[in-house]
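Working notes, beginning with the structure itself.
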Amino acid sequence: MAFLVSNLMQGSPYCGAVKALRNTLGDGERNWEDLGTIAPGIEGVSGDMIRFADMDGDGLADFLAISNDGSIRMWKNLGIIGAKGQSMHFADLTGDGKDDIISVDAKGRARAWINKGVDQWESIGEIAPGFDKDLSSARIEFADVNGDKKANYLIIYGGGSVDQTNNRRCVRANRQAGV
């Protein structure tokens, strides 16, 4: 499978944003699936500085910026991908003091990756099933609102009202738990 990446926002101080398209070959035709912007622009990083390479042998291409002086800055690819229409959140679901990663889709369905330490993330799958209600004027947030050190699931509506779901179970390794 091939990817095509392009530099976005020429002339911006955040030049270097990267848009990706995946070649989804089918019956001899090239069909490019737009994956959207996969890396935001970073101040001082222009498109000609950007490279992708698997720097740690995990099979995932990491984002590199090579400066004129030869120095290299690297952003590790964690392999955690939010699909189009999803938002990424960072909150402590386990109460261990380390923020975990949560991907939420337009219906409020949430999936999580638990922070197991430096460069270690454990996918625990779905932690909230989503809703059959209009969330278009709402936003989803995760915050500890009851003092148990574990983030709760919050829906904040445009008018200011809030629905809260407590994180009733401790999320632990090799165990799926709900929010």
Side-chain angles (χ1 to χ4, degrees), residues 5 8-9 12-14 16-22 33-45 56 58-63 73-179:
V5 295
L8 301 176
M9 301 184 295
S12 161
Y14 296 99
V18 177
K19 179 177 180 165
L21 299 127
R22 179 178 24 220
E33 175 189 2
D34 186 351
L35 300 176
T37 301
I38 61 167
I42 300 166
E43 190 167 359
V45 175
D56 55 6
D58 65 359
L60 301 171
D62 303 305
F63 183 95
R73 289 189 284 168
M74 180 183 100
W75 290 265
K76 181 171 174 43
N77 181 346
L78 300 174
I80 299 170
I81 302 170
K84 274 188 171 181
Q86 292 186 333
S87 60
M88 300 299 276
H89 299 264
F90 304 89
D92 185 2
L93 295 173
T94 62
D96 65 0
K98 297 182 294 227
D99 277 359
D100 306 302
I101 299 175
I102 308 144
S103 174
V104 181
D105 70 16
K107 288 289 191 181
R109 178 177 172 254
R111 299 185 55 206
W113 292 263
I114 300 302
N115 184 344
K116 306 299 280 178
V118 178
D119 296 336
Q120 296 179 18
W121 299 89
E122 177 186 355
S123 173
I124 61 167
E126 186 175 284
I127 61 168
F131 303 94
D132 287 327
K133 57 183 169 182
D134 182 16
L135 297 176
S136 61
S137 66
R139 74 179 199 271
I140 308 292
E141 295 292 339
F142 293 84
D144 177 14
V145 295
N146 62 0
D148 67 357
K149 298 189 184 296
K150 294 181 282 186
N152 307 108
Y153 182 103
L154 306 172
I155 303 173
I156 304 167
Y157 295 95
S161 65
V162 177
D163 282 344
Q164 169 191 336
T165 303
N166 284 334
N167 183 345
R168 293 180 297 273
R169 293 181 237 152
C170 180
V171 181
R172 296 209 174 138
N174 302 318
R175 180 176 160 204
Q176 287 198 14
V179 172

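If you read the sequence from its start, that first residue is 1, and numbering goes on from there. All values reported here derive from a predicted model rather than from experimental measurement.
Asp96 meets the salt bridge (charged side-chain N to carboxylate O under 4.0 Å, His left out) test with Lys98; sequence neighbours excluded. Residues forming a side-chain hydrogen bond (donor to acceptor under 3.5 Å, both in side chains) with Ser161 (at least two apart in sequence, or on another chain): none.
Considering every non-hydrogen atom in both Gly95 and Lys150, the closest pair reads N-CG, 3.6 Å. Shown here for Ala110 and Val104, the closest heavy-atom pair between the two residues is CB-CG2, 4.0 Å. In terms of heavy atoms, Leu93 sits closest to Asn167 at O-ND2, 2.9 Å. Across all their heavy atoms, Lys133 and Tyr157 have their closest contact at NZ-OH, 3.0 Å. Closest heavy-atom contact between Asp99 and Phe90: OD2-O, 3.8 Å. The heavy-atom pair separating Trp113 from Asp100 by the smallest distance is O-CB, 3.3 Å.
Using bins of under 30°, 30° to 60° and over 60° for the plane-to-plane angle, the ring pair Tyr153/Phe142 lands in the perpendicular bin.
Rounding to the nearest 0.5 angstrom, the gap separating the CG atom in Asn115 from the CH2 atom in Trp121 is 4.0 Å. Atom-to-atom distance recorded for Ile101:CD1 and His89:NE2 is 12.0 Å, nearest 0.5 angstrom. Here the CD atom belonging to Glu141 is positioned 7.5 Å from the CG atom belonging to Leu154, to the nearest 0.5 angstrom.
In this structure, the side chains of Thr165 and Asn152 stay at 4.5 Å or more apart for every pair of heavy atoms.
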request  = Check step by step if side-chain contact (heavy atoms from CB on, under 4.5 Å) holds for Gln120 and Glu122.
outcome  = CA-CA 7 Å; Gln120 296 179 18; Glu122 177 186 355; over 6 Å; no
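Checking side-chain atoms of Asp163 against main-chain N and O of Ile155 turns up no donor-acceptor pair under 3.5 Å.
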